[in-house]
Amino acid sequence: MMTTRADISSPVLDKLPIIDIAPLLDDDAAPRTRNDKKKTAEALHNACVNYGFFYLNIAKYVNPKGPEELMRLGREFFGLPQAEKDKLLISNQDYARGYQRLKENVTNGKADNHEGLDFYRPVENSDKTKPLWGENQWPSVPTFREKYEDWVDEMKKLGLIVMEAMAEGLGMTKDEWEELRAQVDDSFWVMRVIGYPPLPNDHDGFSCGAHKDYGCLTFLYADPTPNALQVFLPRPGVKQTDTSGLPAEGAEDGIWITADPIEGCIVCNIGEMWEIWTNGLYKSTLHRVVHRGSNYRVSIPFFFEPNFDALVKPLDAALRARALQPTENREPLRSPIVYGEFLKKKVGNNFTTSRDRYSIN
Ligand SMILES: O=C(O)CCC(=O)C(=O)O
Ligand SMILES: [Fe+2]
């Protein structure tokens, strides 16, 4: 039986769930394996309904040496002289692919205290005058490109593995999964390498302001810095408690919890496309970064997104679940969107260097 938010009567814990993906990696069709896969699919479904944010234990999927090396390379890049980093500025290309200086990203009207390097799925017939259609700008740091390209391959495959399990968790048929798969099998992925110096006490803003990710699945690998990434859990009747000495954001009741890194795990959260596919059953969750520690933090989010031309609309499985709800509880039907058009509006249209990357309205 599928859970919906309304079914949950017991208080939800304030720790994000940890889901081991090992059962999804097993090709064995034996009943026991099938059962383990089913349990994992159900755990994903519950995590998406209740949190929109969870840990994926990927220890059986990637050798930890891989992402550790990415960290080292990312730090090497951010440690270069400013003039070297500026050679890769996004203004050389399509204002999306490349390097953004400290405070160049703006969220909710405030400068974010981070610098970043963004890569997108390469395109044929690239044209830097077309939004999002330029070329990736790779640093000259030795092995950077090949190691990060390996990570892209691993994360793209992981995206499909997790999507298939989520389809099962949502009660989709095999044919329905094939249809959904065709919308994400050529993911217009984005990868960011983000560098966060400590947030100065007098900075009017955040390390990264509160936002929802706009795509499909975010796989975040971060260095071990604690107390940086915060996740908002709506709790009706609970006024926002704020551990960071910053004013509460938004009017909604709820709490901010930290999502500290766990060894062998990445943090995964769902983006707005899943809200449309499930017609609001899965909500993408507000999160932000407040890094007050003394070290330089590095994180590497990989955004597994739909194909550029995917038509994203509520899935039949979600509409079946909706039909079971009392009419007054049903969410209004979401309008279909073409992912690439939506993405262009979010990031590609604004040809200024300081753009509000994550509008949450
Ligand atoms: O650095 C982090 O922990 C999160 C970054 C993030 O939320 C984003 O880039 O969308
Ligand atoms: Fe995010």
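Fair warning: this is a prediction, and the values are worked out from it, not measured in the lab. Every number for a ligand or one of its atoms is a count from 1 in the order of the listing.
Here Phe303 has side-chain heavy atoms under 4.0 Å from ligand 1, and that is the only part of it that gets that close. Residue Asp213 touches ligand 1 through its side chain alone, judged by heavy-atom distances below 4.0 Å. Proximity of Val267 to ligand 1, defined as any heavy-atom pair under 4.0 Å, is not found for any part of the residue.
Residue contacts with ligand 1 include His211, since one or more of its heavy atoms lies under 4.0 Å from the ligand. Contact annotation: Arg288 has no heavy atom less than 4.0 Å from any atom of ligand 1. Residue contact check for ligand 1: Cys208 places no non-hydrogen atom closer than 4.0 Å to it.
Residue-ligand proximity, Arg297 to ligand 1, at heavy-atom distances under 4.0 Å covers atoms 1 (O), 2 (C), 3 (O). Taking every heavy atom of Val289 and a limit of under 4.0 angstrom, the matching atoms of ligand 1 come to 1 (O), 2 (C), 3 (O), 4 (C). For ligand 1 and Ser299, the ligand atoms under 4.0 Å from any heavy atom of the residue are 1 (O), 2 (C). For ligand 1, the atoms sitting less than 4.0 Å from at least one non-hydrogen atom of His287 are 7 (O), numbered in the order shown with element in parentheses. Close contacts between ligand 1 and Pro301 involve ligand atoms 9 (O) [criterion: under 4.0 Å to a heavy atom].
Closest approach of His114 and Ser207 over heavy atoms only: ND1-O, 2.8 Å. In terms of heavy atoms, Pro139 sits closest to Leu117 at CG-CD2, 3.7 Å.
Between Arg34 and Glu168 a salt bridge is recorded (basic side-chain N to carboxylate O distance below 4.0 Å). Ion pair Lys345/Glu341 not flagged as a salt bridge, since none of the NZ, NE, NH1 or NH2 atoms sits closer than 4.0 Å to an Asp/Glu carboxylate oxygen. A salt bridge is absent between Asp26 and Lys37: the closest approach of a Lys/Arg side-chain nitrogen to an acidic carboxylate oxygen does not fall below 4.0 angstrom.
Checked by distance only, ligand 1 and Arg192 stay at 3.5 Å or farther apart across all their nitrogen or oxygen atoms.
Residue contact annotation: His211 places an N/O/S atom under 2.8 Å from the Fe ion (ligand 2).
Here the straight-line distance linking atom CG of Leu24 with atom OG1 of Thr33 works out to 11.5 Å at 0.5 Å rounding.
Val141 has its side chain out of reach of Lys147: every pair of non-hydrogen atoms, C-beta onward, lies at least 4.5 Å apart.
Between Phe302 and Phe219, the angle of the ring planes stays under 30°, which puts this pair in the parallel group of the 30/60° scheme. Aromatic ring pairs are classed by plane angle as parallel below 30°, tilted from 30° to 60° and perpendicular above 60°; the pair Phe144 and Phe119 is tilted.
No other N/O/S atom of Asp213 lies as close to the Fe ion (ligand 2) as OD1 does.
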